[in-house]
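Because the structure is predicted, anything quoted here is derived from the model rather than measured.
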Amino acid sequence: MKRYLLAAMALLGASTMSLPANAQADYSAFCKWDEVAKKRGGTDRVVRTLPITGATKGGEAQTFTVEVAGANATAQTKINFDKTASVLQATKGDQLNVAPTFYNLHWTHFYLYIDYNQDGVFDEQTELVSYTHYRKNGTGDFKNSLGETIPKGDVFNGGKLPVFTIPESANTGLTYVRFKADWDNINPCGNPGAADGSNSLSANRGTICDFMINIHSKETPPVPADEFMVTVEYDTNKGEVEFEDVETGEKVDISKPIAKDTDLWVIVRAKENYEPISILVNDVEKIGEMEDTDFISVDIMEDTKIKVVFAPKTYEFKVQFDNTKVEVVTALDDDSPVGNRVEGGTRVYLFVNAKEGFELTSLKVNNKERLKDLDENHLIALTVTENTTVVVEAQEAAAKAYTVTYSVKNNEGGTLSITNKSDGSEVKSGDKVQANETIVVKCVPAKGYKLSELLMNGVNFLAIAGNPEHTSFNVPVDTDYVIEAVFVKNTAVDGVDVAKAKVLAGEGAVIVEGVEAGTQVEVYTLAGKLVASVATQGASHKVAVASGAYLVKVKSAVYKVQVK
């Protein structure tokens with residue numbers, strides 16, 4: 001249990017105390033913020049008053065308000081407020097409601113501590129009685145002291161702290177109370193912040209106000225000898241306990257004496273994701289009597305004290321798989337590994353992958369198939385609300401095969417055929433071909449035609465192959481293919497004589513030299529497309545073209561040039 005004793009704090013240097021029960025602690029022993037060394041970072045964020053309702057004394061309601069910065073204050077210069085001269089009169093079992101009034105108070109959370117055991121220490125685990133916002137470990141959702149999820153933002157519910165009940169276990173008499181305004185921190189001494197002072201009580205313009213409460217025992221009327229009192233203790237955040245008369249079935253108010261020999265049903269109902277783990281009746285364990293019910297029977301023959309303990313419900317969580325075929329990693333919300341049992345409502349993440357050479361065939365959660373729920377990262381999230389068994393299965397991965405579809409554009413100018421290189425077998429259009437197989441793509445032009453393009457999934461394979469005169473190609477199969485052969489008629493640039501003129505490649509141009517003026521020059525792409533047709537104007541002539549490979553026809557001769 002983390003306790004903030006004064007001797008452990010750099011903010012105060014007093015010694016620890018040892019006090020007998022019911023003794024009021026020395027106020028000087030409590031930690032206080034050192035406002036000399038750590039001054040308030042501004043005058044905004046003002047706590048004006050602390051009105052408290054729900055307190056009683058002798059059955060009469062008590063009116064009580066602590067003045068902090070002042071009812072009409074619009075600025076606050078200090079952090080500490082010693083209001084220990086103000087005393088709230090209250091009784092065990094009172095449900096108190098603290099509703100601070102404030103000015104310009106944003107992004108601030110409220111915390112209330114009561115030194116129930118009067119030992120001079122505000123114990124954050126047992127004496128933090130109410131708070132508006134807190135995130136354990138600084139992660140996840142904000143929760144208030146009732147366990148409710150609270151949106152991150154301004155003060156909770158207009159500044160009201162959740163209602164709390166003064167427990168029977170509290171010491172009676174004068175006891176110290178601390179109100180703290182701070183940001184997401186349950187340290188009753190004030191958040192010291194980071195090494196640079198950021199997010200500290202000073203930087204957050206926080207407030208500490210201490211006052212007193214005088215706790216009284218309940219006044220109970222004398223109980224006749226043939227009647228007895230029944231008391232019950234349990235955590236209302238985790239469950240509830242009710243009483244019924246076994247004979248009449250009517251509800252029983254245990255705040256009043258119960259007639260001797262009355263047979264009571266003690267009905268125990270746990271809240272979601274909790275379960276009762278102990279029912280003590282006058283210190284005798286009775287949990288075994290519940291069996292498959294939610295109640296036990298108690299015969300009232302004396303004053304009877306009942307204590308019910310609720311704990312988070314846990315469920316068995318198992319994952320079954322063959323680790324030679326599958327890899328499974330399980331983790332909770334906080335990335336910690338999952339054990340044999342997890343608490344109800346826990347979010348569990350499974351990362352499921354088949355090992356090399358295998359593929360997943362099934363992922364069942366309590367016999368329900370969930371394989372399709374794996375996301376693209378092979379992740380599935382499960383909320384545990386019952387005993388859960390996950391079974392993952394895999395098998396050897398089938399060899400991959402790809403579809404090969406092919407055709408000749410407009411069905412003219414030639415034929416296209418494909419065979420498997422390994423055995424020469426024909427591959428028909430639409431057939432499946434095993435991965436890593438090599439196919440032979442053969443294009444046969446008809447008379448008067450030539451192969452212009454060989455499109456594989458839209459890309460001209462002739463440009464990749466680098467030789468437009470080839471008509472047979474070896475292609476490795478590593479994807480689905482759509483192949484189209486494009487045949488065109490031969491142009492005059494084919495089969496020409498060797499030219500006597502000189503054709504050179506210049507910067508962005510074709511240069512023709514050694515010809516007479518008026519000589520016709522035609523420039524074609526390698527696919528036979530005419531891109532320029534000019535008559536020379538002298539013995540040397542430039543034809544501007546883009547960079548690339550061209551066929552240049554000068555009279556009856558053809559030259560191949562590469563223009564940069």
Checking V268 against F295 for the side-chain contact (heavy atoms from CB on, under 4.5 Å) test, could you report, in this order, the C-alpha distance in whole Å, the side-chain angles of both residues, the deciding distance, and whether it holds? CA-CA 6 Å; V268 179; F295 59 85; over 6 Å; no
Show your working on side-chain contact (heavy atoms from CB on, under 4.5 Å) between K442 and S417 and close with a plain yes or no. CA-CA 5 Å; K442 188 173 183 180; S417 63; 3.8 Å; yes
Check the pair E369 / S362 against side-chain contact (heavy atoms from CB on, under 4.5 Å), numbers first and verdict last. CA-CA 7 Å; E369 185 58 63; S362 176; 2.7 Å; yes
Run the numbers on S422 and E437 for side-chain hydrogen bond (donor to acceptor under 3.5 Å, both in side chains), then give the verdict. CA-CA 8 Å; S422 59; E437 175 69 84; 3.0 Å; yes
Start with the C-alpha gap between S540 and E513, add the side-chain angles, then the distance that decides, and say whether side-chain contact (heavy atoms from CB on, under 4.5 Å) holds. CA-CA 4 Å; S540 178; E513 296 180 347; 3.6 Å; yes
Step by step, work out the salt bridge (Lys or Arg N to Asp or Glu O under 4.0 Å) result for R269 and E242. CA-CA 8 Å; R269 296 189 180 94; E242 296 180 349; 2.9 Å; yes
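V515 places a side-chain heavy atom less than 4.5 Å from the side chain of V554. At a threshold of 4.5 Å between non-hydrogen side-chain atoms, the residues S472 and V441 do not count as touching. Within the 4.5 Å cutoff, no side-chain heavy atoms of F110 are placed close to those of K180.
No side-chain donor-acceptor contact under 3.5 Å links N410 to the backbone of E412. Remark: the backbone N or O of V482 is paired with a side-chain donor or acceptor of N457 at under 3.5 angstrom.
Within a 6.0 Å radius of CD in E327, other residues, nucleotides and ligands contribute 12 heavy atoms or fewer. The number of heavy atoms from other shown groups lying within 6.0 Å of CG (N377) is above 12. The environment of K409 atom NZ is sparse: at most 12 non-hydrogen atoms of other residues, nucleotides or ligands sit within 6.0 angstrom.
Contact detail for E522 and L530: the closest heavy-atom pair is CB-CD1, 3.9 Å. Taking both residues in full, the closest heavy atoms of K355 and T324 are given as CD-O, 3.8 Å, listed atom of the first, atom of the second, then distance. A pairwise comparison of heavy atoms in I511 and G506 identifies CD1-CA, 4.1 Å as the closest pair. Taking each heavy atom of K38 and W33 in turn, the nearest pair found is O-NE1, 2.9 Å. Residue P188 comes nearest to E124 through the heavy atom pair CD-OE1, 4.1 Å, listed as atom of the first residue, atom of the second, then distance.
Ring centroids of F351 and H378 are separated by 6.0 Å or more, keeping the two rings apart. Ring centers of W107 and F142: at least 6.0 Å apart, outside the cut-off.
Salt bridge absent: K271 and E240 never bring a charged side-chain N and a carboxylate O closer than 4.0 Å. A salt bridge links R205 to D44: one of the charged nitrogens lies within less than 4.0 Å of a carboxylate oxygen. The pair R370-D373 counts as a salt bridge, with a side-chain nitrogen and a carboxylate oxygen less than 4.0 angstrom apart.
Note that the NE2 atom of H133 and the CZ atom of R135 stand 10.0 Å from one another [nearest 0.5 Å].
In this pair, Y111 and Y131 present their aromatic rings parallel. The plane angle is below 30°, not in the 30 to 60° band. The aromatic rings of Y234 and F310 stand perpendicular to each other, their planes meeting at an angle above 60°, with 30° marking the opposite boundary.
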